[in-house]
Amino acid sequence: MTDELFSVAGKRVFITGGASGIGRMISEGLAERGARVFTCSRKQAALDELVAELAGKRGFDVRAEAGDLVKLEEIERMAKIAGEHFGGAIDVLINNAGATWGAKLEEYPENGWDRVFDLNVKSMFFLTQKCLPYLRKSATQESFARIINIGSISGIENPADNAWAYHSAKAAVHHLTETLAKHLVREKITVNAIAPGLFPSKMTAFLMPGGDQSLVGQAIPMGRAGRPSDMVGTIVYFASAASAFTTGSILKVDGGSAL
């Protein structure tokens, strides 16, 4: 019963930004558990490395395609490629791709604001829109299709840094998650979000030079940054039967940082 409750074996999963950071943790964690993974990102080299490692060396069902999700035509193209790859149905859509931009309040540029909102919010909405036919094809009363959005505790708390657009965009992601959940629940599609705290990635590397977590550990009640297993466990919950009665949820995975 436990294995069935948390099983993602055979699930057709489309994840954006799956070649690095939290996306890489999710891609690998789901593939290891038998999911069929299709991912995209802007950098072909990172995708090639991901596929070579997970599919080539380890034999997992992982495919990838490069695309820039700030462009609507690329969003449409990626949704079509993913849907066709999975034979016309997607079980789980994970909107993970994101970007940040830091600058002083008085100097914050318009192009930085637009870049962050275009990728973190606009592309999330339109990719969800374009994937709906494939999610509807998967959805049944016994097994709803799933949309999982990656937000951030930055959209919940009041951070002190200068990533003005990022914090606002992640708050928008959380609100959009709840709105989509209300709209899509009658179509047998759940929509939930994860709000991660600090996880090692290129985006957060400046906080942990050389991988040293001692300083950030002092600021996190649990005394450490997030681990891949922390994120994978949460994704598995939302992607599996374990969360069958959950929609519109924003789940913090932050070691208590937002308390």
Side-chain angles (χ1 to χ4, degrees), residues 1-41 47 49-65 78-97 127-128 131-150 177 181 184-185 187-194 196 199 226-247 249 251 253:
M1 176 62 73
T2 302
D3 290 343
E4 293 179 5
L5 192 61
F6 291 94
S7 175
V8 293
K11 293 278 188 181
R12 296 161 290 191
V13 181
F14 178 21
I15 172 173
T16 65
S20 62
I22 286 176
R24 172 64 182 257
M25 299 176 196
I26 295 170
S27 295
E28 185 168 0
L30 291 176
E32 288 176 337
R33 288 158 180 80
R36 300 176 60 195
V37 175
F38 179 87
T39 188
C40 64
S41 73
L47 293 172
E49 188 278 328
L50 176 79
V51 173
E53 172 63 27
L54 298 185
K57 292 183 180 179
R58 302 177 65 183
F60 299 139
D61 191 342
V62 178
R63 300 292 181 271
E65 179 83 16
M78 295 312 307
K80 182 178 180 182
I81 291 173
E84 290 178 351
H85 172 70
F86 290 129
I90 294 173
D91 300 313
V92 183
L93 169 64
I94 303 175
N95 287 306
N96 166 74
L127 186 66
T128 298
C131 285
L132 279 177
Y134 308 113
L135 291 162
R136 288 169 176 147
K137 184 73 175 294
S138 163
T140 67
Q141 186 61 45
E142 293 72 31
S143 181
F144 279 32
R146 313 298 173 92
I147 298 172
I148 307 169
N149 298 327
I150 304 301
T177 296
L184 293 174
V185 67
E187 297 197 51
K188 305 178 182 63
I189 300 172
T190 67
V191 189
N192 293 289
I194 299 172
F199 279 75
R227 298 168 181 158
S229 58
D230 300 321
M231 184 54 58
V232 173
T234 310
I235 282 287
V236 167
Y237 166 70
F238 278 134
S240 68
S243 66
F245 202 53
T246 302
T247 195
S249 173
L251 181 57
V253 183

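What you see is a predicted model, and the numbers here were worked out from it, not measured in a lab.
- Contact check for L30 versus V236: side-chain heavy atoms found under the 4.5 Å cut-off.
- Distance check, rounded to the nearest 0.5 Å: CZ of R63 to CZ of R36 gives 8.5 Å.
- L47 has its side chain out of reach of E65: every pair of non-hydrogen atoms, C-beta onward, lies at least 4.5 Å apart.
- With contacts defined as side-chain heavy-atom distances shorter than 4.5 Å, the pair I22/P196 qualifies.
- When every heavy atom of S27 is checked against every heavy atom of I15, the shortest pair comes out as OG-CG2, 3.7 Å.
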With side chain to side chain contact (heavy atoms under 4.5 Å, CB included) as the test, would you mind laying out the steps for L93 and Y134 before giving the verdict?
-> CA-CA 10 Å; L93 169 64; Y134 308 113; over 6 Å; no
Go through M25 and F199 one step at a time and tell me if the side chain to side chain contact (heavy atoms under 4.5 Å, CB included) criterion holds.
-> CA-CA 10 Å; M25 299 176 196; F199 279 75; 4.0 Å; yes
Would you please test T246 and T190 for side chain to side chain contact (heavy atoms under 4.5 Å, CB included) and show each step?
-> CA-CA 7 Å; T246 302; T190 67; over 6 Å; no
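- In terms of heavy atoms, A82 sits closest to I90 at CB-CD1, 4.3 Å.
- If you take CZ on R136 and SG on C131, they are separated by 11.5 Å, rounding to the nearest 0.5 Å.
- Within the model, atoms CD1 of I189 and CG of D91 stand 11.5 Å from one another, a figure rounded to the nearest 0.5 Å.
- Among the candidates I148, T177, I26, the single residue satisfying the side chain to side chain contact (heavy atoms under 4.5 Å, CB included) test with I194 is I148.
- Heavy atoms only, all atoms of each residue included: A241 and E4 are closest at CB-O, 4.3 Å.
- For the atom pair R24 CZ and M231 CE, the distance stands at 15.5 Å (nearest 0.5 Å).
- Between F238 and V92, every side-chain heavy-atom pair lies at or beyond the 4.5 Å cut-off.
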Given side chain to side chain contact (heavy atoms under 4.5 Å, CB included), test L251 with N192 step by step and report yes or no.
-> CA-CA 8 Å; L251 181 57; N192 293 289; over 6 Å; no
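- Here N149 contributes atom CG and T128 contributes atom OG1; the two are 6.0 Å apart, rounded to the nearest 0.5 Å.
- Within the 4.5 Å cutoff, side-chain heavy atoms of R58 are placed close to those of E32.
- The shortest non-hydrogen separation linking F14 to A79 is CE2-CA, 4.3 Å.
- Among all heavy-atom pairs drawn from A239 and S243, the shortest one is N-OG, 4.4 Å.
- Looking only at side-chain heavy atoms (C-beta outward), T247 and F144 stay at 4.5 Å or farther from each other.
- To the nearest 0.5 Å, atom OG of residue S138 and atom NZ of residue K188 are 12.0 Å apart.
- In this structure the side chain of K11 never reaches within 4.5 angstrom of the side chain of F86, judged on heavy atoms.
- You'll find the side chain of F60 stays beyond 4.5 Å of the side chain of R33, heavy atoms only.
- Minimum heavy-atom separation, T39 to A19: OG1-N, 4.5 Å.
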